[in-house]
Novice: 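Here's a structure for you.
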Number of protein chains: 2
Amino acid sequence: MSQRHTGITDQLTPPVDATPHSHPLADCPLREVLALIGDKWSTQVLVQLGAGPRRFTELERAIEGVSRRMLTLSLRSLERNGLITRTVHPDAPPRVEYATTPLTNGIREPLEALAAWADRNRPAIAAARRAYDTHH
Amino acid sequence: MSQRHTGITDQLTPPVDATPHSHPLADCPLREVLALIGDKWSTQVLVQLGAGPRRFTELERAIEGVSRRMLTLSLRSLERNGLITRTVHPDAPPRVEYATTPLTNGIREPLEALAAWADRNRPAIAAARRAYDTHH
DNA sequence: CTGGATCCAGGTGGATACTG
DNA sequence: CAGTATCCACCTGGATCCAG
């Protein structure tokens, strides 16, 4: 990934321009984060677990539209990356509880900011979409 | 990509637990935001345009691994949702420039926060992954 | 240069059935 | 309850060719 044709292998961040307010976004971390929680269900799981530990079936019921397979895959992925914990209780009817981790707590704030942005700009986005759809 | 015909209109009502406590994290906005920039290339485009306007071919060269088709689709999606502008200059060799919008500026900060989180916790995530892979 | 249109291989995820 | 296994329809995206 290079800028223009300098021929020089530079950083992954784009060239810094003259605009004073422009902070180059490091894109690699962004891709990593999207690899963690960018899929359809992971954020939903995090939202649910943000309100306290949940059992598998509770999550399945709470997250509308998720299949058992996809919920399992999402939970495994989140667990593997340290974003949630999975604890099996040795009960007669099997009981498994999922919960957040310190890692999760750190990511909550950025996600909230993102959600807040979406909330604030919902009208603007809808308007842009209407305008585009009208003209095309 | 966001031109799936289901779009965001297929959104399902959020869980809304019975308790009067409000969730700190509204999930619907999160799904909306992921529908906008959750795919593989949109964030890369935003990163590039964050450093200034870019032409189609410049983006294609700068974003490693993207195909013309996917770049086009991503650009169309971002444009439709008001996150970038597309201006055609009436030059002899066709010249199109993409640029950010006020909407983009608003989302930059949350995205940076997310990237910063990923950067800070890269070791923790890697460790969690190693631990998981070892045990399984 | 900036795309659109088409074809097709490969991946994704729902449905279903089965297990400890 | 909490998954796993399998099958398969569908979607995604790369490759290629074409056009303004």
Side-chain angles (χ1 to χ4, degrees), chain A residues 4-5 31 34-45 48-49 52-80 84-99 132-133 135-136, chain B residues 1-12 31 34-45 48-49 53-80 84-99 132 135-136:
Chain A
R4 305 299 178 122
H5 11 36
R31 290 181 71 165
L34 286 180
L36 297 186
I37 51 88
D39 68 291
K40 192 171 183 181
W41 306 112
S42 290
T43 51
Q44 308 276 109
V45 170
Q48 289 298 318
L49 298 188
R54 293 280 187 275
R55 302 178 57 174
F56 185 87
T57 308
E58 290 177 334
L59 289 173
E60 190 182 4
R61 277 196 300 262
I63 302 175
E64 201 165 349
V66 73
S67 67
R68 210 173 296 162
R69 174 183 143 89
M70 288 318 292
L71 181 55
T72 300
L73 289 179
S74 294
L75 289 171
R76 291 293 168 276
S77 166
L78 290 171
E79 183 196 0
R80 186 170 107 95
I84 66 174
T85 61
R86 175 180 184 270
T87 46
V88 184
H89 297 79
D91 294 4
R95 180 160 145 261
V96 179
E97 279 207 333
Y98 295 92
Y132 183 94
D133 292 343
H135 185 286
H136 293 76
Chain B
M1 203 63 25
S2 62
Q3 49 263 104
R4 31 173 162 264
H5 297 96
T6 51
I8 62 169
T9 55
D10 67 342
Q11 277 182 40
L12 305 158
R31 290 180 70 165
L34 285 180
L36 297 186
I37 51 89
D39 69 289
K40 192 171 183 183
W41 307 111
S42 290
T43 51
Q44 307 278 108
V45 170
Q48 289 299 319
L49 298 188
R54 292 282 185 274
R55 301 179 55 175
F56 184 87
T57 308
E58 289 176 337
L59 290 172
E60 191 183 3
R61 278 196 299 261
I63 303 175
E64 201 167 349
V66 72
S67 66
R68 265 211 294 275
R69 173 184 144 90
M70 289 317 293
L71 181 56
T72 300
L73 290 178
S74 295
L75 289 171
R76 290 295 167 275
S77 167
L78 290 171
E79 183 195 0
R80 185 170 107 94
I84 66 174
T85 61
R86 174 179 185 270
T87 46
V88 183
H89 296 80
D91 294 2
R95 180 160 145 261
V96 180
E97 280 208 333
Y98 295 91
Y132 183 95
H135 184 287
H136 293 76

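In what follows, chains carry the letters A, B, and so on, assigned in the order in which the sequence lines appear, proteins first and then strands, with residues in each chain numbered from 1. Keep in mind that the numbers below use all heavy atoms, side chains included, and drop hydrogens, waters and symmetry copies. Everything numeric in this text was worked out from a predicted model, so none of it was measured.
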Novice: Of B:Arg69 and A:Arg95, whose nearest nucleotide on DNA chain D comes first from the 5' end?
Specialist: A:Arg95
Novice: side-chain contact (heavy atoms from CB on, under 4.5 Å) with B:Leu78: which of B:Leu36, B:Leu73, B:Ile37?
Specialist: B:Ile37
Novice: Side chains of B:Tyr98 and B:Gln48: closer than 4.5 Å at any heavy-atom pair?
Specialist: no
Novice: Please state how far atom CG in A:Asp91 lies from atom P in D:dG3, giving the value in whole angstrom units.
Specialist: 14 Å
Novice: Give the rounded distance in Å between these two atoms: CG of A:Leu75 and C1' of D:dC1.
Specialist: 14 Å
Novice: If I take atom CG in residue A:Leu71 and atom C1' in nucleotide D:dG3, what distance separates them, rounded to the nearest angstrom?
Specialist: 10 Å
Novice: Students should find this one: the first and last nucleotides of DNA chain C, 5' to 3', lying under 4.0 Å from a heavy atom of chain A. What are they?
Specialist: C:dG13 to C:dG20
Novice: Contact between A:Glu64 and A:Gln44 at the side-chain level, heavy atoms closer than 4.5 Å - yes or no?
Specialist: no
Novice: Considering every strand and a 4.0 Å limit on heavy-atom distances, what is the contact class for A:Arg68: base, sugar-phosphate, or nothing?
Specialist: base
Novice: Which heavy atom in B:Glu97 sits nearest to a heavy atom in B:Pro53, and how many Å separate them?
Specialist: OE1-CB, 3.9 Å
Novice: How far does CD1 of B:Ile84 sit from CZ of B:Arg86, to the nearest 0.5 angstrom?
Specialist: 9.5 Å
Novice: Any side-chain N or O of A:Tyr98 less than 4.0 Å from the OP1 or OP2 oxygen of D:dC1?
Specialist: no
Novice: Given that A:Met70 and B:Phe56 both sit by DNA chain C, which one's nearest nucleotide is further toward the 5' end?
Specialist: B:Phe56
Novice: B:Asp39 CG to D:dT12 C1': how many Å, rounded?
Specialist: 12 Å
Novice: Which heavy atom in A:Asp39 sits nearest to a heavy atom in B:Leu34, and how many Å separate them?
Specialist: O-CD1, 3.9 Å
